[in-house]
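In what follows, a structure is listed as structure tokens, so that the remarks can point back to it.
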Amino acid sequence: MPELPDAPFSWFDPLLTDEAWPHLALILRVFLLLGFGFLLIRFSWRLRAERQTALPGAWPRVMTGFLLLFLVAIAWRQAHWQLFGRRNENFVAFMQRYDRREFNPAHRVRPGRILDRKGRILVVSGMTERGVQRVYRYGPVFSHALGYNHPVYGLTGLEAAARSVLLGGGLRSREDLIAMGAELMDRERHAEGPSLTTTLDVDLQVSAYELLEGRRGAVVVLDIRNGDVLAMVSRPEFDPNRLHPRLFAGQVPDAPLLNRALSGRYPPGSVYKVLIAATALQDGFSGTLDTPPDGFTTSPANPRIRDHQYYTAEREGRVWRGHGQLGLGEALAKSSNVFFAQLGVRSDWDAHVRTADAAGLLQPIALWERPEATLAVQPARLPQLSNQAPYGIAQYSIGQGDLLVSPMHMAMVAAAVARGGQSVYPRLDPKMPLRTGGWICSAENAETLKWMMFRVVREGTGRGIDLAEIPVAGKTGTAQTGAGRESHSWFMGFAPVSEPRWAFAVLVEQGGYGSQTALPIARDLLREGVREGWLKP
Amino acid sequence: MTSKKHPGKNSGGKRGQAPKKRDAKRGQAPKTPKKSAADGSGSFFFFPVLFLVMAGQLLVLGARSAEGRVLMYSDLWPFGLWAFSGAVLCLVLKGGRFSGSSVLVAGGLLLSGIGVLVRSRMRGVVPDVSEMNVLIQPLGVAILLSAWMLTRKGRVKILQPFWGLAALAAFALAGGMLLLGTRYRGGLYAPGGMTPTELLKLFVPLAAAGFFARTHSRWQGRPPWFPPLVPLILLLTVWSGFCALLALQRDLGLVMLLSLILLAVLICATARVSWGVAALGGAVAAGWGVVRVFAHGARRVDAWIDPFSDPTGSGWQVLQGLSGLYAGGLAGTGLGSGRPDRLPIASSDFVYAVYGEELGFLGSICLLFLFAHLFRAAILATRRQTDAFAHLFAAGITAAFVVQTLVNIAGVVTLLPITGITLPYISQGGSSYWVTSVWMGCLMGLSETGAAGKRKARKG
């Protein structure tokens, strides 16, 4: 290969460094395009002349027509991406995430706003020099309910699931198309994607958030009539406006990124007895069971299941005499472990599984659903049992053992009771149709269960929430988490009793007795709801 | 060239309305045609093309300087060598009294000029395009002129006896590559990074044309449901063996390209549309089967059907190319102002995406039109052939050029899966460039056949 001289040259430098160069470059570009077009026209004139010397034949015409069609198809396909690429939300999202051409207009496509049920703005897009930035108006209050959309840390939660909708996926209306035409002409201008209304309620969310201050736990409030998620709080929280790399570094104490309301998995303890009661009522249980003071077990090899009063008495040096003969309602009010362990063993294991499935605990339930993405509650973890393992069933019946659920699941159980036995699936998208699940028990039994849960509040473990303003039904829970560790504190219920509107579940990790920690949070939330008029007695 | 212009004008009257309109237009702007009529080289649009490419080159230099690069003399060499070779080409054609399709010459010139612009734009930016092979342009013109000399005025028939040799050479090449080639990026390369399999794009049209010319009488007019059995079985056996050799090298794109060349020759030999339909159906079925068998083929098909199913894996290349196109938009970022360094294999498979990003949708449409004109000129050259072998050979070469172009572009814009086939005259690489030069030379030579005689007869 011959060697060619190579050295810097500078003849063009005056031209290129001149202020006029951008204008000259524009002229050159226009010249390039027009000259190209001019040559093409001349070529086609020539070809017409050349055609007259070709031999006739039909087949070449077919071939030429086919090639022409193919070229048109190429141009159409190219236009689909190059001119109308914004219609494809996956494409826009890909470019925003992975395209490092800073001049790419996709970087200026802004996701739309997220609104609460009354149209108040929760999230809005802003522009910085680094590109689109999401601004979370309420900071950490909605950190888990909405997730985050961050150029470095990616997307989670509703932000991830609704990404394509927020970017304006599937623009179809005439205004959208006109706006897109304008964007073609002016590459700097870019409209915002459509706004998205959620079922969340800012006021309720903020109160629930404040009530959980300093705790680790979650609050879920559902509208039982349609499954709307009114509030979904998880703490400890993070600030989606200021994500810090430390959040993502391996083991973080207290796992602030975890959405405890949906993804947390906890033993439910006594709140689960509501489902056991539903199964028993369905199996035709009525009458009473004896609750011996030293507990109950299925075989001598297994430790005895006792009421918590037994341990309290033991610590204080007293003797626990037991509840004696109990009916179902009284047992629920007193939350007797000995009673429910016996009750659960009387039912078939398949019946227990059926009830849990009817409550919606065994399949993923989408809170937000689009063909391309969903945000769902994953199934609860039920122990693998059979009728041959009665001790496992006994443990299951007091919400212990290998049973793990999320606060959302318990809110769903409360909603099912409040709705007369039929469960309702929670939703974050108000445009979703009302989805009802199975029946945890018949309507009459649900009515019975409802008043039993009211009795818990009137005279049982839930007396702390016996409000003058509003009649509440509920169930406390104190879930043991292993030796030497404080129990998880639960409270679930619904209000008002006669004509229920809200179903809720409160969980405080290692909060001790349900009536001491979780219940006051639910009580304050309901009080505030009644005071502010969000909940009418 | 003077003789070329006037018959079109004179005979225009016979063809009715459209040619008259064209005459009227020419009457408005008689400047260029008259000048070109006076001296031959003008009719190849050499100077318009030169100015056009020069403007583009200036834009590239400006953009490079704006990026902070020091302009070197080596930045000017590709353009200079292209301009020089183009001038030599036009002068030799004029001296040799070229009477064929001037659109092929001018279009080829413009296409190679665009190639120079795109490649010089990628120099030092895209890793593959760093060293400069100064021989590509001059050697390309030398090859083109040799091919032209060899095929013009019916001389193409001297190639006919060599068809068997071409078939053997194709086999030897495919087998030899399998034995001696080294693997790089999923393809086989000869020592030195050469791709001798490019030569197959010459051997196969020659062999196919020779075979069908020899058995011509048996194919003519036979429908696919009543085929000539002996030649068909022979053809299928040899072809499947050959394809197997190539498929073992995992060069499925090349198998497809060569099969479509054979198909085009077959259709022209039988002169029946039904053969085209039948063979195309068979080819699609075979292609589907092959893609099922070969994992990398299936991956490409999956990435084609839904590039977003694995955006950072199999869909990455094509999505980056499309991102570039979207960033370019309607008018493009301007030559030299895009970011080809963001594109994987920008210099070969995805060179059209680089072009589309910088010249925009409008520039891409222009390029597509340029290709359309070249295709049309090549098809017209094929239609001019009276000799069976020349006709089939021209058909094979036309098909090679057309398929190579369309498959590459269709892959970039996701009309077809990515095949790893280069874009003629624009992609980086010597062997591809030279093979395209042979095609263009042959087509130019073939386009001369019969044209003059016919014209004389018409004049008389």
Side-chain angles (χ1 to χ4, degrees), chain A residues 1-2 4-9 12 16 21 25 28-29 31-33 35-37 39-40 42-55 57 59-60 62-64 67-68 70-71 73-75 77-79 81-83 85 90-91 94-95 98-101 103-106 184 187, chain B residues 8 11 22 45 48 52 55-56 58-59 61-62 65 70-74 77 101-103 107 110 134-135 271 273 308 311 319 322-323 325-327 329-330 334 339 342 356 361-366 368-370 372-373 375-377 379-380 383-384 402 406 409-410 413-415 451 454-455:
Chain A
M1 194 187 291
L4 293 171
D6 196 8
F9 71 89
F12 291 143
L16 300 180
W21 169 249
L28 282 174
R29 283 175 66 183
F31 170 74
L32 207 60
L33 210 59
F36 206 155
L39 271 175
L40 289 173
R42 300 302 307 274
F43 286 178
S44 55
W45 291 355
R46 285 286 173 87
L47 277 174
R48 264 195 212 168
E50 282 176 19
R51 196 177 68 187
Q52 294 167 4
T53 59
L55 296 177
W59 176 227
V62 176
M63 198 73 176
T64 314
L67 288 183
L68 202 64
F70 201 92
L71 283 169
I74 285 179
R77 201 70 195 145
Q78 186 172 348
W81 297 107
Q82 188 162 23
L83 303 183
N90 286 330
F91 187 40
F94 174 85
M95 290 190 284
Y98 297 115
D99 186 27
R100 292 184 296 151
R101 294 172 183 84
F103 53 84
N104 191 334
L184 274 182
R187 305 286 280 173
Chain B
S11 59
R22 190 191 71 226
F45 296 107
L52 208 59
L58 203 56
L59 273 173
L61 291 176
S65 143
V70 179
L71 300 183
M72 306 290 275
Y73 278 109
S74 61
W77 279 116
S101 166
S102 58
V103 172
L110 181 53
V134 294
L135 286 177
V273 178
F308 299 104
L319 284 177
L322 296 174
S323 304
L325 287 180
Y326 182 78
L330 187 67
R339 295 302 296 268
R342 298 281 184 245
F361 187 69
L362 295 175
S364 301
I365 291 293
C366 285
L368 288 179
F369 263 108
L370 176 60
H373 285 339
F375 296 164
R376 187 133 179 258
I379 289 173
L380 288 176
R383 286 173 63 188
R384 242 175 244 156
V402 168
L406 292 186
I409 298 180
V413 301
T414 69
L415 191 63
K454 216 175 257 307
R455 217 170 277 132

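If you're wondering where the values come from, they're calculated on a predicted model, not measured in any experiment. Sequence lines set the chain letters: A, B, ... in the order given, protein chains first and strands last, and positions in each chain run from 1.
A:Arg101 meets the salt bridge (Lys or Arg N to Asp or Glu O under 4.0 Å) test with A:Asp99, B:Glu357; sequence neighbours excluded. Under the salt bridge (Lys or Arg N to Asp or Glu O under 4.0 Å) criterion, B:Arg342 pairs with no residue, sequence neighbours left out.
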Just do the side-chain contact (heavy atoms from CB on, under 4.5 Å) check on A:Phe91 and B:Ser323 with the steps written out, would you? CA-CA 8 Å; A:Phe91 187 40; B:Ser323 304; 4.1 Å; yes

Given side-chain contact (heavy atoms from CB on, under 4.5 Å), test B:Leu415 with A:Phe70 step by step and report yes or no. CA-CA 9 Å; B:Leu415 191 63; A:Phe70 201 92; 4.1 Å; yes

Verify side-chain contact (heavy atoms from CB on, under 4.5 Å) between B:Leu52 and A:Phe31, making sure each step is shown before the conclusion. CA-CA 8 Å; B:Leu52 208 59; A:Phe31 170 74; 4.2 Å; yes

Verify side-chain contact (heavy atoms from CB on, under 4.5 Å) between A:Phe103 and B:Arg339, making sure each step is shown before the conclusion. CA-CA 10 Å; A:Phe103 53 84; B:Arg339 295 302 296 268; 3.5 Å; yes

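Rounding to the nearest 0.5 Å gives a distance of 4.5 Å between CZ of A:Arg42 and CZ of B:Phe45. With rounding to the nearest 0.5 Å, the separation of CD1 in A:Ile74 from CD1 in B:Ile409 is 5.5 Å. Going from atom SG of B:Cys366 over to atom CG of A:Leu33 covers 5.0 Å, rounded to the nearest 0.5 Å. Taken to the nearest 0.5 Å, the OG1 atom of A:Thr64 stands 7.5 Å off from the CG atom of B:Leu380.
For chain A, the nearby parts of B:Val103 are the backbone and the side chain; heavy atoms of each come within less than 4.5 Å. Proximity to chain A is limited to the side chain of B:Phe308, based on heavy atoms less than 4.5 angstrom apart. Contact of A:Trp21 with chain B is made through the side chain alone, with heavy-atom distances under 4.5 Å. Proximity to chain B (any heavy atom under 4.5 Å) is shown, for A:Leu71, by both the backbone and the side chain. With a 4.5 Å cut-off on non-hydrogen atoms, B:Ile379 touches chain A through its side chain but not through its backbone.
By number of non-hydrogen pairs under 4.5 angstrom with chain A, the leading residue of B:Leu362, B:Leu370, B:Leu58, B:Leu319 is B:Leu319.
The two residues B:Gly62 and A:Leu16 make their nearest non-hydrogen contact at CA-CD2, 3.4 Å. Between B:Ser364 and A:Gln78, the shortest heavy-atom contact is OG-NE2, 2.9 Å. Contact between B:Ile365 and A:Ala75 at its shortest, heavy atoms only, is CD1-CB, 3.8 Å. Considering all non-hydrogen atoms of both residues, B:Pro48 and A:Leu39 come closest at CB-CD2, 4.0 Å. Nearest heavy atoms, B:Ala327 versus A:Pro105: CA-CD, 3.9 Å.
A donor-acceptor contact shorter than 3.5 Å links the side chain of A:Gln82 to the backbone of B:Gly356. Side-chain N or O atoms of B:His373 include none that pairs as donor or acceptor with a backbone N or O of A:Leu47 at under 3.5 Å.
A:Arg77 and B:Thr414 are linked by a side-chain donor-acceptor pair at a separation below 3.5 angstrom, with hydrogens and angles left out of the test.
Ring-centre distance between B:Phe369 and A:Phe36: not below the 6.0 Å cut-off.
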